[in-house]
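Working notes for the structure below.
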2 protein chains.
Amino acid sequence: MIVGAVAHDTRSRLLDTAVKLFSEHGVEGTSLQMIADELGITKAAVYYHFKTKDAIADEIVTPLLAELNPIVEEASARRTRGAQIDHALAGFVDLIVRRRALVGLMIRDPGILRAAGRTSRSPTVAEVRAKLYMMFVGPDPTPTDMITVHILTRGLALAGGDPEYADVDDETLRHHLLEAGRRLLGRPRRRT
Amino acid sequence: MIVGAVAHDTRSRLLDTAVKLFSEHGVEGTSLQMIADELGITKAAVYYHFKTKDAIADEIVTPLLAELNPIVEEASARRTRGAQIDHALAGFVDLIVRRRALVGLMIRDPGILRAAGRTSRSPTVAEVRAKLYMMFVGPDPTPTDMITVHILTRGLALAGGDPEYADVDDETLRHHLLEAGRRLLGRPRRRT
DNA sequence: GTCTATATTCTGATAGAC
DNA sequence: GTCTATCAGAATATAGAC
């Protein structure tokens, strides 16, 4: 599905519905029957679009990784540590805001990564995550650095994807997440 | 189960096992069969200790709320805003460290609260959480305040409960979580 | 306190008609 | 592209023996 467009075809609606139900019940707690019911189709119709439940999980995870990876790569090309951190943080926050529930889902539910990993050979989350973390902490991180980044990434993703902020506009949410992120990383305040 | 003691009786071992499996697979993704298998007993034996799966969830959630509630109450009795924040933060972090996986589980998995809520009439999580948030932000919070506290509580709970830090000792973990928390809340550094 | 055995419902998944 | 029908296996839960 492309930018901001509303999903019309069944396949896209199916993925949106899956994300919603996965968020509420977890991947392993969501049955294909639940997805089918929510869409008003039968289980067999779901199987027409995806061969297995794992394939649905993979189709959700893989595009997200495909978006995060270049952000991290671009960040590592920056010359100063400060610029690297700024780019990685801005990119990560932007992804959270644009995908809302999705990034939070991947961090909350280990089941979606297990499921996606069973059918796909796309780059693992662990890989991309390790690179993202290194952007934030630099080489030779202290234990404090590592824990701070854990808190940062998890906190941002979960808060940004929270239903409570579902109707906060992108611009506002992005601003607040960035502010909090910069504070945690000890970066100076930015002129908005 | 009492402080630091190892669970010997089946009921306590059952609860420990449930927390572990709930964390990995989500409450709705964990079957009583999985719990029974992990314990080396039969499903029927599990039913002897708990009437339903919801009852297990409730027995996990309720004691945690019983620990968090007085912390928030005590904090609100402090006179200065600074002392209130310090007390609430120290208490919250202490709970995360002592219970590790548990606090993170409650934040990650909506299913455990749904399940617990079905069998129990104990004070709701929403209630206690609202009070905790108010301790951190004070009256008349700005949207920025609210989002910051969201990031703080979720980040601390998830990072503290992460398996990666399972063998970091309590003292160290508590120190790092407190540092990050104080930074996010804009509190001055403390002499350790 | 744990077991076997059983009833019932639901799961993921497939085959084949429209 | 969606349907009905069907499968083997696993789910929650109960009854009753040891």
Side-chain angles (χ1 to χ4, degrees), chain A residues 1 5-61 109-120, chain B residues 1 5-61 109-120:
Chain A
M1 203 184 85
V6 178
H8 282 327
D9 57 304
T10 304
R11 190 190 159 89
S12 298
R13 288 199 306 128
L14 199 159
L15 285 172
D16 288 347
T17 301
V19 170
K20 181 189 149 204
L21 291 174
F22 288 172
S23 294
E24 282 177 46
H25 305 278
V27 169
E28 300 183 55
T30 303
S31 69
L32 297 180
Q33 186 68 66
M34 290 163 74
I35 296 174
D37 288 349
E38 186 92 1
L39 284 168
I41 61 177
T42 62
K43 223 173 18 167
V46 172
Y47 273 102
Y48 169 79
H49 295 281
F50 295 94
K51 248 173 75 176
T52 62
K53 194 167 90 170
D54 290 350
I56 299 178
D58 185 44
E59 191 90 352
I60 289 171
V61 169
D109 191 355
I112 195 169
L113 301 185
R114 251 197 310 272
R118 274 192 293 262
T119 44
S120 157
Chain B
M1 203 183 87
V6 178
H8 282 327
D9 57 304
T10 304
R11 191 191 159 87
S12 299
R13 288 200 305 128
L14 199 159
L15 286 171
D16 289 348
T17 301
V19 170
K20 182 188 148 205
L21 291 174
F22 287 172
S23 294
E24 283 176 46
H25 305 279
V27 169
E28 299 184 55
T30 304
S31 70
L32 296 181
Q33 186 68 66
M34 289 164 77
I35 296 174
D37 289 348
E38 186 92 2
L39 282 168
I41 62 177
T42 63
K43 225 173 14 171
V46 172
Y47 274 102
Y48 169 79
H49 294 282
F50 295 94
K51 248 173 76 176
T52 63
K53 195 166 86 171
D54 289 351
I56 299 178
D58 186 43
E59 191 91 351
I60 289 171
V61 169
D109 190 356
I112 195 168
L113 301 184
R114 250 197 312 271
R118 275 191 293 263
T119 45
S120 157

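Chain letters run A, B, ... following the sequence lines, proteins first, then strands; residues in each count from 1. All values reported here derive from a predicted model rather than from experimental measurement.
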Answer yes or no: does a side-chain N or O of A:S31 lie under 4.0 Å from OP1 or OP2 of C:dC10? no
When rounded to whole Å, the NZ to C1' distance for the pair B:K51 and D:dA13 reads 12 Å
What is the minimum heavy-atom distance between B:K51 and B:A55, and which atoms define it? N-CB, 4.4 Å
Can a side chain N or O of B:T52 be found less than 4.0 Å away from OP1 or OP2 on D:dA13? no
Of B:A45 and A:L32, whose closest DNA chain C nucleotide lies nearer the 5' terminus? B:A45
The side chain to side chain contact (heavy atoms under 4.5 Å, CB included) partner of B:I112 among B:V61, B:V19, B:I56 is B:V61
So, is A:Y48 close to the D:dT2 phosphate, meaning a side-chain N or O under 4.0 Å from OP1 or OP2? no
Please report the distance, rounded to the nearest Å, between CG in A:L39 and P in D:dT2. 9 Å
When A:I41 and B:Q33 are each assigned the nearest nucleotide of DNA chain D, the 5'-most assignment goes to A:I41
Measuring from atom OH of B:Y48 to atom CG of B:L14, what distance do you get when rounded to the nearest 0.5 angstrom? 12.5 Å
How close or far is atom C1' of C:dG1 from atom CG of B:L14, stated in whole angstroms? 12 Å
Kindly point out which of C:dA15, C:dG12, C:dT4 is positioned nearest to the side chain of B:A44? C:dT4
In whole Å, I'd like the distance from the OH atom of B:Y47 to the C1' atom of C:dA5. 15 Å
Mind checking A:K43 for me? I need base, sugar-phosphate or nothing, with any heavy atom below 4.0 Å counting as a touch. base
Quick one: is C:dC3 close enough that its OP1 or OP2 comes under 4.0 Å of any side-chain N or O from B:T42? yes
Smallest heavy-atom separation, A:G111 atom then A:E28 atom, equals CA-OE2, 3.9 Å
Given atom NE2 of A:H49 and atom C1' of C:dA13, what is their separation to the nearest angstrom? 16 Å
Can you check the A:F50 CZ to C:dT14 P distance for me, whole Å? 15 Å
So, for B:R114 and A:E24, which heavy atoms are closest and what is the spacing to 0.1 Å? NH2-O, 2.7 Å
